[in-house]
Amino acid sequence: DDTLVASLLNLEKPEKIVNLIQDASANDQSYLLGILKENQSQSVIDLLKIEEKEEIEEIMGYPEDSAGTMMTTDVFTLYQDTTCGDAIKALQDQKDAEMVFYLYITNEDDNLVGVASLRALATTPSDKILNEIMVKRVHTVRPETDQEDVAQIVAQYNYLAVPVVDSDNFLLGIVTVDDVVDVIREEATE
């Protein structure tokens with residue numbers, strides 16, 4: 001409950017809050033900081049590492065209850081001309097990417113050009129390139145898309161994650177099904 005979290009965190013010093021949230025994802029960090037009083041929130045942000053600070057400030061800049069505030073920015077992507085064999089090796093080396101349900105495939109400009117399932121990757125000969133197995137028509141959302149619309153897309157198509165892209169189709173992050181379930185619960189409670 002937001003009120004309970006706020007009352008607990010408002011008793012803590014910014015250094016303690018940084019220790020509590022440092023291992024959380026950027027979207028969870030920004031959510032928690034959004035609950036705090038503005039001056040306390042800013043004190044915590046000032047203590048974070050530069051990369052984290054920029055990422056959290058970007059997420060907090062999106063409209064409340066939007067895809068941008070829900071998205072996870074740590075997304076595993078692969079270049080479209082990567083072979084399936086190299087893609088499997090790269091995937092095995094990934095330890096930090098959150099929930100790799102799908103392979104998001106980009107071009108040389110880092111624009112999202114397709115998506116492939118792990119099943120398709122695992123059942124394709126290793127010398128084929130990702131461009132040959134990817135689905136080119138990807139359902140995406142913009143960061144300002146309302147969270148209810150994101151939930152509707154996930155429910156309608158049974159997706160485990162939905163990519164969030166900007167106006168140039170640059171992949172900003174993904175909204176995972178676990179975040180969407182929270183939205184559906186919230187809406188049902190309302």
Side-chain angles (χ1 to χ4, degrees), residues 1-3 5-6 21 24-36 38 41-42 44-45 48 51-80 94 96-120 130-131 134-190:
D1 180 83
D2 291 357
T3 312
V5 172
I21 69 170
S25 65
N27 63 333
D28 289 338
Q29 288 177 347
S30 64
Y31 167 74
L32 290 169
L33 292 174
I35 294 172
L36 299 176
E38 193 171 329
S41 173
Q42 193 55 54
V44 173
I45 289 171
L48 293 170
E51 324 79 73
E52 287 178 334
K53 190 185 301 190
E54 290 172 358
E55 194 174 349
I56 288 171
E57 286 173 342
E58 181 183 337
I59 289 172
M60 290 179 79
Y62 293 120
E64 192 177 337
D65 295 337
S66 68
T69 60
M70 296 170 59
M71 73 180 173
T72 301
T73 54
D74 187 17
V75 182
F76 179 69
T77 63
L78 287 165
Y79 179 61
Q80 64 184 347
Q94 271 303 310
D96 297 334
E98 179 170 323
M99 295 192 251
V100 180
F101 297 122
Y102 307 112
L103 296 175
Y104 295 102
I105 302 163
T106 58
N107 62 14
E108 57 279 348
D109 296 324
D110 285 332
N111 294 332
L112 182 66
V113 292
V115 65
S117 69
L118 294 178
R119 182 180 184 279
L130 294 177
N131 193 15
M134 70 183 188
V135 174
K136 293 177 176 75
R137 188 164 175 234
V138 183
H139 284 102
T140 61
V141 295
R142 300 288 298 278
E144 57 276 355
T145 303
D146 187 87
Q147 64 182 11
E148 290 179 46
D149 295 334
V150 178
Q152 189 174 6
I153 290 169
V154 168
Q156 182 177 352
Y157 297 103
N158 286 330
Y159 289 149
L160 298 173
V162 177
V164 181
V165 297
D166 67 10
S167 57
D168 296 323
N169 216 37
F170 181 81
L171 183 62
L172 300 171
I174 58 172
V175 177
T176 56
V177 69
D178 60 319
D179 293 321
V180 171
V181 167
D182 295 338
V183 171
I184 293 169
R185 265 197 214 118
E186 264 179 46
E187 297 307 317
T189 303
E190 281 178 23

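Bear in mind that the values here come from a model prediction, so they are computed numbers and not experimental data.
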Flag, side chain of Q29 to backbone of I21, donor-acceptor distance under 3.5 Å: yes

Kindly indicate whether the side chain of V175, heavy atoms from C-beta on, has any atom under 4.5 Å from the side chain of V164. yes

So D65 and T69, do their side chains get closer than 4.5 Å, heavy atoms only? no

Decide yes or no for L103 and L118: does some side-chain heavy atom of the first lie under 4.5 Å from some side-chain heavy atom of the second? yes

Residue set satisfying side-chain contact (heavy atoms from CB on, under 4.5 Å) with S41, at least two apart, ordered chain then number -> L33, L36, I45, M60

Any heavy-atom pair between the side chains of V183 and M70 that's under 4.5 Å? yes

The reported gap from OG in S30 to CE in M71 (rounded to nearest 0.5 angstrom) is 9.0 Å

Rounding to 0.5 Å, atoms NE2 (H139) and CD (Q156) come to a distance of 7.0 Å

Contacts of E58 meeting side chain to side chain donor-acceptor pair (under 3.5 Å) (sequence neighbours excluded), chain-then-number -> Y62

Can you name the residues that form a side chain to side chain donor-acceptor pair (under 3.5 Å) with Q42, not counting sequence neighbours? D46

Is the shortest side-chain heavy-atom distance between I174 and V162 below 4.5 Å? no

Do D178 and T176 meet the criterion of a side-chain donor-acceptor pair at a distance under 3.5 Å? yes

Side chain to side chain donor-acceptor pair (under 3.5 Å) partners of E108, counting only residues at least two apart: Y79

Which pairs of donor and acceptor atoms, one on a side chain in residues 165-173, lie under 3.5 Å apart (sequence neighbours left out)?
from: D166; atom 1: OD1; to: D168; atom 2: N; distance (Å): 2.9
from: D166; atom 1: OD1; to: N169; atom 2: N; distance (Å): 3.2
from: D166; atom 1: OD1; to: F170; atom 2: N; distance (Å): 2.9
from: N169; atom 1: ND2; to: L112; atom 2: O; distance (Å): 2.6

Shortest non-hydrogen contact from G68 toward I59: O-CG2, 3.7 Å

How would you list, by chain and number, every residue that makes a side-chain contact (heavy atoms from CB on, under 4.5 Å) with N158, sequence neighbours excluded? none

What is the distance from atom CD of Q80 to atom CG of L130, rounded to the nearest 0.5 Å? 9.0 Å

Output for pair (E64 CD, D146 CG), nearest 0.5 Å, gives 10.5 Å

Across all chains, not counting sequence neighbours, the ring-ring contact (aromatic ring centres under 6.0 Å, His included) partners of Y104 are none

With the side chain counted from C-beta on, respond yes when K136 and N131 share a heavy-atom pair under 4.5 Å apart, and no when they do not. yes

What do the steps show when you test I105 against T77 for side-chain contact (heavy atoms from CB on, under 4.5 Å), and what is the final call? CA-CA 6 Å; I105 302 163; T77 63; over 6 Å; no

Go through the structure and list residues passing side-chain contact (heavy atoms from CB on, under 4.5 Å) with T145, not counting sequence neighbours. A67, V141, R142, D149, V150

Side chain to side chain donor-acceptor pair (under 3.5 Å) against D28, all qualifying residues, sequence neighbours excluded: S25

side-chain contact (heavy atoms from CB on, under 4.5 Å) with A6: which residues, sequence neighbours excluded? N10, I35

Please work out whether the ring planes of Y102 and Y159 are parallel, tilted or perpendicular, with thresholds of 30° and 60°. perpendicular

